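Some notes on the structure that comes next.
In what follows, residues are counted from 1 in the order of the sequence shown. This is a predicted model, so every value here is computed, not measured.
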Amino acid sequence: MAQTNGGCSLALIFIIVLLLAKANIDVCKRGDVTVKPSRVISLGSAVNISCSLKPEQGCSQYPSVNRLILYKFDRQIHFLHGYSLSSQVTGLPLGTTLFLCKLACSKNKEFRICGAEISVGVVPEQPQNLSCIQKGEHGTVTCIWDRGRDTHLYTAYTLQLTGPKNFTWQRQCNDHYCDHLDLGINLTPELPESSYTAKVTATNSLGNASSIPSTFTFLDIVRPLPPWDIRIKCVNASVSRCILQWRDEVLVLLNRLRYRPNSSRSWTMLRSRSCGRQDLLDLKPFTEYEFQISSKLHLYKGSWSDWSEPFRTQTPEEEPTGTLDVWYMKQPIDYNRQQISLFWKNMSVSEARGKILHYLVTLQEVAGGKVTMQNITEHTSWTWIIPRTGNWAATVSAANSKGSSPPTRINITDLCEAELLAPRQVSANSEGVDNMMVTWEPPGRAAPAVQEYVVEWREPHSRSDTQPPLNWLRSPPYNVSALISGNIKPYSCYEICVCALSGDQRGCSSIRSNSKHKAPLSGPHINAISEEKGNIVISWNEIPAQEQMGCILHYRIYWKEQDSNSQPQLCEIPYRVSPNSHSIDSLQPGVTYVLWITALTAAGESPPGNKREFHLQGKANWSVFVAPSICIAVVIVGIFSTRYFRQKVFVLLSALRPQWCSKEIPDPANSTWAKKYPTVEEKMQLPLDRLLTDWPTPEEPEPLVISEVLHQVTPVFRHPHHPNWPDKGQEIQGHYTSEEDTGYSASSLPPPRALIAETGLVDLYKMLGSRSPDSKPGHLAGPVTVLPVDYLPTHEGYLPSNIEYLPSHEAPITDPLEELKPQHISLSIFPSSSLHPLTFSCDKQLTLDRLKMGCSSLML
C-alpha cells in the first residue's frame with residue numbers, strides 16, 4: 001500500500017514538471033522579441049524593442065494580412081502589418097516595465113507572440129557610516145552601514161575584514177535590502193591594541209561602489225554584555241544606606257546605573273568603578289524603585305553595553321513624618337449628649353513612609369487635660385458620643401510597623417457658632433460632568449481674621465441608608481473659590497458648606513447644588529395623614545436618591561374633593577422648611593379629600609406620587625359657643641346689678657324653699673308623745689316589711705319617726721322585693737345605695753320581715769321621715785325602720801300619735817304597695833350633704849329633751 005502511494009506521487013510530480021516545461025517552451029513559439037542595448041538600463045536611457053514572426057506562424061501567406069501590435073503592459077503603443085516591427089521606447093520609470101507583442105488575424109482575435117521585461121535602475125551609492133561591534137567577549141563581529149538610495153535593481157553587498165598577520169575575512173549579503181552583516185568570527189583580547197579594517201562593496205548590473213574603510217581595535221568594537229543578577233540590601237532595614245549589587249563580565253572596568261521611583265519618569269544617573277556594587281544614600285522609604293545598569297571595558301574607548309533588564313523592588317519602611325488632615329462633624333442627640341464624627345485623609349506615600357496599620361484616636365476634655373477616650377481603628381473615620389457640656393479636643397495619629405506620626409490636634413467646637421465669620425454669597429456652578437466650582441465672598445469686617453477656608457461636601461443623608469462619606473478641602477484665606485472634583489456624580493444633590501476658620505472659632509454657610517439635573521423620576525410617597533386640632537398633618541417618604549435627579553427645591557401638595565372634576569388646590573413648600581411633613585388648615589370638616597404630592601427640581605416637576613383619601617372629622621367650633629355665652633353672662637350680670645330684680649329673685653327662691661327648712665323648728669322634747677311615753681330598755685319585734693311598705697297617704701301630714709335601738713343587734717336596711725324599686729348600686733334622688741347598705745350583719749341575722757326585741761318597749765333611735773304627694777324614693781341614711789303611723793300636726797312640729805300601734809310579727813300584714821302604686825315613696829327628705837351621724841354620751845340612752853333639730857344639722 002505504501003509503494004502504491006509513493007508511485008502515484010512521483011507520477012503526479014512528473015506530469016506537473018512536464019506541463020511547466022511545455023508552457024515555457026510554448027511561450028514564444030510564434031516569434032521572438034529582442035531588446036537593445038540591454039534589458040537592464042539606467043534611468044533616462046532609450047531602448048529599441050523588435051518583434052518578428054517565425055516562418056509559417058502568420059495568419060496568411062500574404063504579409064498585409066498579418067497585423068503585429070506592441071503593448072506596454074495593457075496599453076497599445078505601436079502596430080504594423082507584416083512579419084516584424086521595431087519601436088524605440090524612452091522615458092521608462094525606475095523599476096521593471098513589461099512589453100508584449102501580439103498578432104491580430106481578425107478584429108476580435110489576437111495571438112500572443114512573445115514579451116520582454118525591461119528593468120530601469122541606478123548605480124549603487126557608496127555605503128556610509130560603516131561600523132562594527134562584537135557583543136561580549138565571546139561574541140562575533142557584526143558590521144552595519146547605510147545603503148544609500150534604492151537602486152531598484154538586484155544589488156550584492158560584500159563585507160571584507162583585514163587584520164594583523166595578513167588576516168582577511170569576507171562575506172557577501174544577497175538580500176535586496178542588505179544593511180548589516182555578521183562575519184561570524186570572534187576577536188580575542190590577546191592583542192587589544194591591534195588594528196582591524198572593514199570595508200563593504202555594493203555591486204549591481206550598472207556598476208559598484210565601496211565604502212570608506214573603517215579601522216578599529218578590539219577595545220573599540222567589543223561591547224560588554226549587560227549586567228545580571230541585580231539585587232539590593234539595606235543596612236539595618238533602613239533606607240539611610242542601601243547597597244546595590246550585580247554581576248558583570250571580567251574585563252569590565254566601568255559601570256553606570258540609573259534608578260527612579262515607579263511613579264516618576266525622570267532617572268537618577270550614577271557612574272561606578274567599584275566593580276559590581278554601589279552605595280545608595282538618597283532612597284525614599286517604602287517606595288518602589290526601578291534599577292538598570294550598563295557596563296564598559298575601557299574608560300575612554302569602546303561603547304557602553306545595553307541597559308540591563310529592569311530590576312524593581314520596594315525600600316523598607318520608616319516612621320511616618322507627615323500629619324493627618326483631620327476634620328469633624330457634630331450632631332446633637334438629646335439635651336445632654338452629642339455625636340462627634342472625626343474624619344481624616346490618607347497620608348501620601350512620601351509622608352506615610354510605610355503601610356499604615358492603624359490610627360490612634362484620642363478624645364479629651366480641655367479643662368481636665370486627661371484622656372477621656374482612646375481608640376485604635378483601621379478606618380479613616382471615628383464616631384463617639386460625648387456629653388454636650390465642656391470643651392473637647394481630639395488628636396489623631398497614623399502608625400506603621402516602625403512608629404507613629406506626630407498627632408494632629410483639633411478642637412471640637414460648633415462649626416457655625418461665629419456668625420461674623422460666616423462667608424457670604426456662597427454659590428456652586430457646574431464645571432463639566434464631574435466638577436463644580438464653589439465661590440463665596442469674605443465675611444465682611446471679619447475677613448482679616450480668617451486663617452483658612454474649609455470647603456466640605458457630601459451627598460444628602462438618607463434616613464434609610466448609612467451616613468454618606470464626607471469630603472473636604474482646605475483653601476488659603478486669599479482664595480474665594482475652590483474646584484471640587486473627582487467624586488462628583490451627575491444628577492446627584494450635594495450639601496456644600498464653606499467654613500471660615502479663625503483660631504478656635506468657626507463660621508459657615510451652606511447650600512445645596514448639583515452638576516446636572518432634570519425632573520425627578522417619581523413623586524414622594526405619602527405614608528401617613530393625621531388630624532391635629534382641626535388641621536391635617538401629611539407625612540411622606542423622600543424620593544430615593546437615584547430617582548431625585550438633582551436637588552429637590554420644592555414640594556407641592558395637591559388636594560381636591562373626592563369625585564370632583566374641579567381643578568385641585570395646591571400648596572408649595574420649600575424643601576428647607578419641611579423635608580418630609582407639612583400641616584394644612586384649609587380643609588373643611590366632613591368632606592372626603594384626595595391628596596397627592598410632587599417634587600420639583602430646577603429642571604421641572606416630578607410625576608405625582610401615590611394618592612390618599614382622607615375624611616376630616618373636625619371638632620366643635622368653640623367660638624360659636626363662647627361668644628353667645630359671654631353675651632348671656634353680661635346680660636345676667638346687668639340684670640342682677642339692679643336692686644329691684646334682686647329682691648324679686650330672692651322672694652321667688654324663698655317661696656320655693658321647703659317648709660321643713662324653716663329657721664324655727666319645734667323642739668321635740670316638749671311634744672305630747674315625749675311626755676306620755678317614757679324610755680324603756682326593752683326590745684320588741686318590729687315588722688320590717690310593714691315599715692318599708694305602709695306609707696301614709698297623700699292626705700296625711702308628713703311623718704316624723706324617731707327610733708333608738710340598743711344592745712348588740714345591728715339592724716340593717718333591706719329593700720323589699722319589689723320590681724319597681726331600683727336595684728342595688730343604683731342612684732336614688734342623688735343618693736347611692738351600695739351592697740353593704742342592703743344586707744344584715746353576719747353575726748346575727750334577724751328575721752326577714754321584723755326586728756326582734758328581747759325586753760320591754762322599743763328603745764328607738766330618733767328618726768325623722770316625711771312624705772309629700774310629690775316626694776320620691778330616697779336613701780335611708782342610717783339603720784332605721786319606718787313605721788306607718790298617724791301624725792298630728794302641732795305648733796311645735798310633727799309628732800306621731802299612734803305609737804301604741806305596734807304590730808307583732810304574728811299579725812297578718814297586708815301589702816300596702818298595691819294601695820300606693822300611683823304614689824312615689826320617699827325615704828328621706830334631707831340632702832346627703834346635710835346629714836351627719838348623731839353623737840351623744842348618754843350611756844346608750846337618749847331622751848327627746850336632749851335632741852335638738854335644725855334644718856342644717858339634723859341627720860339620722
From CA spacing to verdict: side-chain hydrogen bond (donor to acceptor under 3.5 Å, both in side chains), S475, E452: CA-CA 6 Å; S475 179; E452 68 172 340; over 6 Å; no

Okay, side chain of N400, backbone of A352: is any donor-acceptor separation there less than 3.5 Å? yes

At what distance, to the nearest 0.5 angstrom, does CH2 of W384 lie from CE of M373? 7.0 Å

Pair Q331, Q338: side-chain N/O donor-acceptor within cut-off below 3.5 Å: no

Any carboxylate oxygen within less than 4.0 angstrom of a Lys/Arg side-chain nitrogen, looking at D325 and R474? yes

Side chains of V498 and S509: does their closest heavy-atom pair fall under 4.5 Å? no

Any side-chain heavy-atom pair of M437 and N435 under 4.5 Å: no

T413-Y328 side chain donor-acceptor pair, cut-off 3.5 Å: yes

Hydrogens and angles aside, do T592 and E613 bring a side-chain donor and acceptor to less than 3.5 Å of each other? no

Below 4.5 Å, heavy atoms only, C-beta onward: do V326 and F343 meet side chain to side chain? no

Polar side-chain atom of N514 near backbone of Y491 as donor-acceptor pair, under 3.5 Å: no

Would you say the SG of C499 sits less than 2.5 Å from the SG of C416? no

R265 (side chain) donor-acceptor with N262 (main chain) under 3.5 angstrom: no

For the residue pair D414 and K330, establish whether any side-chain heavy-atom pair is separated by less than 4.5 Å. yes

If we ignore angles and hydrogens, is there a donor and acceptor under 3.5 Å between the side chains of Q374 and T362? no

Inspect the contact between R512 and E495 and indicate whether a charged nitrogen and a carboxylate oxygen are less than 4.0 angstrom apart. no

Report yes or no: do D282 and Y259 form a side-chain donor-acceptor pair below 3.5 Å? yes

Any chance you could lay out the side-chain hydrogen bond (donor to acceptor under 3.5 Å, both in side chains) test for T383 and S341, step after step, and finish with the verdict? CA-CA 4 Å; T383 300; S341 298; 3.3 Å; yes

Can a side-chain donor-acceptor contact be found between W440 and Q425 if the only test is distance below 3.5 angstrom? no

Report yes if the side chains of E317 and K355 come closer than 4.5 Å at any heavy-atom pair, otherwise no. yes

Examine K560 relative to W596 and say whether NZ or CZ is less than 6.0 Å from the centre of the six-membered ring and inside a 45° cone about the ring axis. no

Is there a donor-acceptor pair closer than 3.5 Å between any side-chain N or O of S502 and the backbone N or O of V450? no

Are the sulfur (SG) atoms of C508 and C497 separated by under 2.5 Å? no

Hey, what's the ring geometry for F311 with F291, parallel, tilted or perpendicular (30° and 60° as the breaks)? tilted

Answer yes or no: are there more than 12 heavy-atom neighbours, outside L420 itself, under 6.0 Å from its atom CG? no

I want to check a possible cation-pi pair here: R258 against W307, using under 6.0 Å from ring centre and within 45° of the ring axis as the test. yes

For Q314 and T287, does a side-chain donor sit closer than 3.5 Å to a side-chain acceptor? no

Say whether T598 and E605, considering side chains only, have a donor N or O and an acceptor N or O under 3.5 Å apart. yes

Just by modelled atom types, is the K284 backbone N or O under 3.5 Å from a matching donor or acceptor in the T315 side chain? yes

Side-chain donor or acceptor of S405 paired with backbone N/O of T323 under 3.5 Å: no

Using a 3.5 Å distance criterion without hydrogens, assess whether the side chain of R388 forms a donor-acceptor pair with backbone atoms of D334. yes

Apply side-chain hydrogen bond (donor to acceptor under 3.5 Å, both in side chains) to W392 and Q364, showing your working. CA-CA 6 Å; W392 297 84; Q364 63 184 13; over 6 Å; no

Check whether any side-chain heavy atom of F286 lies under 4.5 Å from a side-chain heavy atom of V239, and answer yes or no. no

Between T439 and S427, do the side chains contain a donor N or O and an acceptor N or O under 3.5 Å apart? yes

Would you say T408's side chain and L324's backbone share a donor-acceptor pair under 3.5 angstrom? yes

Could you tell me whether K402 and E319 make a salt bridge, using a distance below 4.0 angstrom between a side-chain N and a carboxylate O? no

Kindly indicate whether the side chain of I597, heavy atoms from C-beta on, has any atom under 4.5 Å from the side chain of R556. no

Could you tell me whether the side chain of I538 reaches within less than 4.5 Å of the side chain of H582, counting heavy atoms only? no

Is the side chain of W382 donor-acceptor paired with the backbone N or O of H379 at a distance under 3.5 Å, no angle test? no

Side chain of Y494, backbone of K489: donor and acceptor closer than 3.5 Å? yes

